[in-house]
Amino acid sequence: VSGAPGHAVLSVEDSGPGVAPEQRERIFDRFHRGSSAPGGTGLGLSIAAAVMRRTHGRLEVTEGPRGGARFLATWRGSEGHRPPSTRVMR
């Protein structure tokens, strides 16, 4: 979790093979699966992206520093105001 003036950013990285650049355009589409491995319906990332849009945020995928996937959830808020879906977990 990080922040810049007027922004809150949540970064989640994994150490897997990452998301191929040609898959990044469609990774948030409903029912799209980036793998032929069994399991999953292709809805999880679509739902996450919809939640981000609903809370005036943005979800994107890039390559992490170790080659895995890095998902960035970014919310823009006004000064002194927390975006509605953020809270500090302890």
Side-chain angles (χ1 to χ4, degrees):
V1 177
S2 64
H7 289 83
V9 180
L10 172 65
S11 176
V12 178
E13 299 175 10
D14 70 23
S15 58
V19 178
E22 62 273 10
Q23 291 286 329
R24 292 179 192 164
E25 286 289 318
R26 299 195 57 219
I27 195 92
F28 300 110
D29 291 350
R30 276 188 270 160
F31 305 111
H32 176 76
R33 296 186 59 233
S35 167
S36 60
T41 61
L43 287 174
L45 291 175
S46 174
I47 292 169
V51 168
M52 292 301 298
R53 284 190 302 275
R54 182 79 174 182
T55 60
H56 308 288
R58 177 179 159 167
L59 183 61
E60 61 185 303
V61 62
T62 63
E63 185 174 321
R66 295 180 303 242
R70 173 190 284 163
F71 289 87
L72 297 169
T74 306
W75 292 271
R76 203 174 98 204
S78 60
E79 193 171 318
H81 172 74
R82 271 196 173 169
S85 64
T86 61
R87 65 181 188 199
V88 177
M89 302 294 287
R90 297 189 195 269

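None of these values were measured; they are calculated from a predicted model.
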Rounded to the nearest 0.5 angstrom, the OG1-CE distance for Thr74 and Met52 is 6.5 Å

Qualifying residues under side-chain hydrogen bond (donor to acceptor under 3.5 Å, both in side chains), relative to Arg70, sequence neighbours excluded: Glu13

Heavy-atom closest contact (Arg30 atom, Leu43 atom, distance): CG-CD2, 4.1 Å

side-chain hydrogen bond (donor to acceptor under 3.5 Å, both in side chains) involving His32 - partner list, sequence neighbours excluded: Gln23, Arg26

Please check if atom CD in Glu22 has more than 12 non-hydrogen atoms from other residues, nucleotides or ligands closer than 6.0 Å. yes

Only pairs under 3.5 Å count here: list side-chain donor-acceptor contacts from residues 14-21, not counting sequence neighbours, and write none if there are none.
| unit_1 | atom_1 | unit_2 | atom_2 | d |
| --- | --- | --- | --- | --- |
| Asp14 | OD1 | Gly16 | N | 3.2 |
| Asp14 | OD1 | Ala69 | N | 2.9 |

Any salt bridge (charged side-chain N to carboxylate O under 4.0 Å, His left out) pairs touching residues 36-50, not counting sequence neighbours? none

Provide the closest heavy-atom pair for Gly57 versus Trp75 in the form atom of the first, atom of the second, distance. CA-CD1, 3.8 Å

Hey, could you give me each pair passing salt bridge (charged side-chain N to carboxylate O under 4.0 Å, His left out) that has a residue in residues 34-53? Not counting sequence neighbours. none

Which pair of heavy atoms, one from Leu59 and one from Phe71, lies closest together, and at what distance? CD1-CB, 4.5 Å

Give every residue pair that meets the side-chain hydrogen bond (donor to acceptor under 3.5 Å, both in side chains) criterion with at least one member in residues 59-68, sequence neighbours excluded. none

Mind checking side-chain contact (heavy atoms from CB on, under 4.5 Å) for Val12 and listing every partner two or more places apart, or none if nothing turns up? Leu10

